[in-house]
Amino acid sequence: MDGHVGQFFESVSSIFRGSDTLPVCDRDIIAGCETEVAEAANEEQKNDSLMRLSWALVHSRQPEDVNRGIGMLEASFGKSNSPLQTREKLYLLAVGHYRNGDYTRSRELLERCLEVQPDWRQALTLERLLEEKTKRDGMIGMAIVTGAFGLVGLVAGGIIAAASSSRKK
């Protein structure tokens, strides 16, 4: 269990080292968090363990884990007792939607999160990653469209050239 906790904190600390990527959790960390939830002695410990499990799930590379984390967070969202918990859940939901490729929803949740705490570094880092990702995806999309138009033009030019050369004969 201590090894899983160490991996968890190493993964979390990567965001504070100025890393440009989101931390990633593997199945072992998730399993350790699930064990922690099952062994919680009281409601407060269980709630804390569930937040760590949600964090681990939305930081997984496995879509089914990410979706499970999003579901857990959405189910518990109305039970937030403080602005800090609300901020945390909004951020984790934004991470989950980012991981799933739903950048619009992720951006909406980040905006709400930054309303609670405008200078929160983790949220600002995710916002920057989101902007870079959408910009990069936009450039790739434009390159594909430009390439497709170029190919269509090339094919059309070939057809026109073939048709005009057959008329000359």
Side-chain angles (χ1 to χ4, degrees), residues 4-38 40 43-146:
H4 298 300
V5 173
Q7 289 175 334
F8 176 79
F9 286 112
E10 176 61 28
S11 183
V12 171
S13 68
S14 70
I15 204 161
F16 295 109
R17 288 193 302 261
S19 174
D20 284 346
T21 59
L22 291 173
V24 176
C25 285
D26 61 20
R27 296 281 179 162
D28 291 337
I29 294 172
I30 293 169
C33 290
E34 288 170 334
T35 301
E36 190 181 315
V37 170
E43 198 64 30
E44 183 179 348
Q45 284 180 349
K46 185 174 182 177
N47 288 336
D48 290 344
S49 297
L50 284 169
M51 277 301 292
R52 281 189 288 280
L53 176 58
S54 297
W55 188 98
L57 288 167
V58 299
H59 284 88
S60 172
R61 284 196 170 110
Q62 305 301 318
E64 61 273 8
D65 291 339
V66 174
N67 289 331
R68 185 172 154 219
I70 289 171
M72 288 173 63
L73 289 161
E74 287 175 343
S76 70
F77 193 76
K79 300 173 188 170
S80 296
N81 296 332
S82 71
L84 179 64
Q85 281 184 339
T86 299
R87 178 199 76 171
E88 288 284 331
K89 289 179 182 180
L90 286 168
Y91 171 75
L92 291 176
L93 283 166
V95 169
H97 287 288
Y98 175 83
R99 288 257 193 233
N100 279 344
D102 187 354
Y103 304 130
T104 303
R105 183 70 177 135
S106 181
R107 185 179 310 281
E108 291 168 358
L109 291 161
L110 266 179
E111 287 172 2
R112 289 176 56 196
C113 178
L114 290 168
E115 286 173 7
V116 176
Q117 186 175 353
D119 61 342
W120 192 29
R121 185 172 169 206
Q122 284 179 274
L124 293 171
T125 298
L126 179 57
E127 183 178 51
R128 189 184 76 246
L129 290 173
L130 185 59
E131 288 171 6
E132 290 170 2
K133 179 74 172 166
T134 53
K135 189 184 305 179
R136 194 171 39 248
D137 286 356
M139 285 192 272
I140 290 169
M142 290 191 50
I144 290 170
V145 168
T146 302

Expected output: side-chain Ser106 to main-chain Asp102 donor-acceptor under 3.5 Å:
no

Charged N-O contact under 4.0 Å between Glu34 and Arg68
yes

Below 4.0 angstrom, N of the basic side chain to O of the carboxylate: do Arg105 and Glu108 qualify?
yes

State the OH-OH distance between Tyr91 and Tyr98, to the nearest 0.5 angstrom.
10.5 Å

Worked verdict on Arg52 versus Val37 for side-chain contact (heavy atoms from CB on, under 4.5 Å)
CA-CA 9 Å; Arg52 281 189 288 280; Val37 170; over 6 Å; no

Under a 3.5 Å distance rule, please check whether Ser60 uses its side chain to pair with a backbone N or O of Ala56 as donor and acceptor.
no

Going by an N to O cut-off under 4.0 Å, is there a salt bridge joining Asp26 and Arg61?
no

Decide, yes or no, whether a salt bridge links Arg128 with Glu132 under the criterion of side-chain N to carboxylate O below 4.0 Å.
yes

Closest contact, heavy atoms only, His59 versus Pro23
CD2-O, 3.2 Å

Starting at NZ of Lys79, measure out to NZ of Lys89 and round the result to the nearest 0.5 Å.
8.0 Å

One pair to check against side-chain contact (heavy atoms from CB on, under 4.5 Å): Cys33 and Trp55. What are the steps and the verdict?
CA-CA 10 Å; Cys33 290; Trp55 188 98; over 6 Å; no

CD (Gln117) and CG (Leu90) are apart, to the nearest 0.5 Å, by 12.0 Å

If I compare all heavy atoms of Met72 with all of Leu57, which pair ends up nearest, and what's the gap?
SD-CD1, 3.5 Å

Shortest non-hydrogen contact from Ile70 toward Gly96:
CD1-C, 3.6 Å

For Leu114 versus Ala123, what's the shortest heavy-atom pair and its separation?
CD2-CB, 3.6 Å

Measure the CZ-CD distance between Arg87 and Glu115 for me, rounded to the nearest 0.5 Å.
14.5 Å

Is it true that, when you exclude Glu64 itself, more than 12 heavy atoms of the residues, nucleotides or ligands shown sit nearer than 6.0 Å to its CD?
yes

Closest approach of Val58 to Val95 (non-hydrogen atoms, all atoms of both residues):
O-CG1, 3.7 Å

Distance (rounded to the nearest 0.5 Å) between Trp120 CH2 and Leu110 CG
9.0 Å

Leu92 side, atom CG; Glu74 side, atom CD - distance, nearest 0.5 Å:
12.0 Å

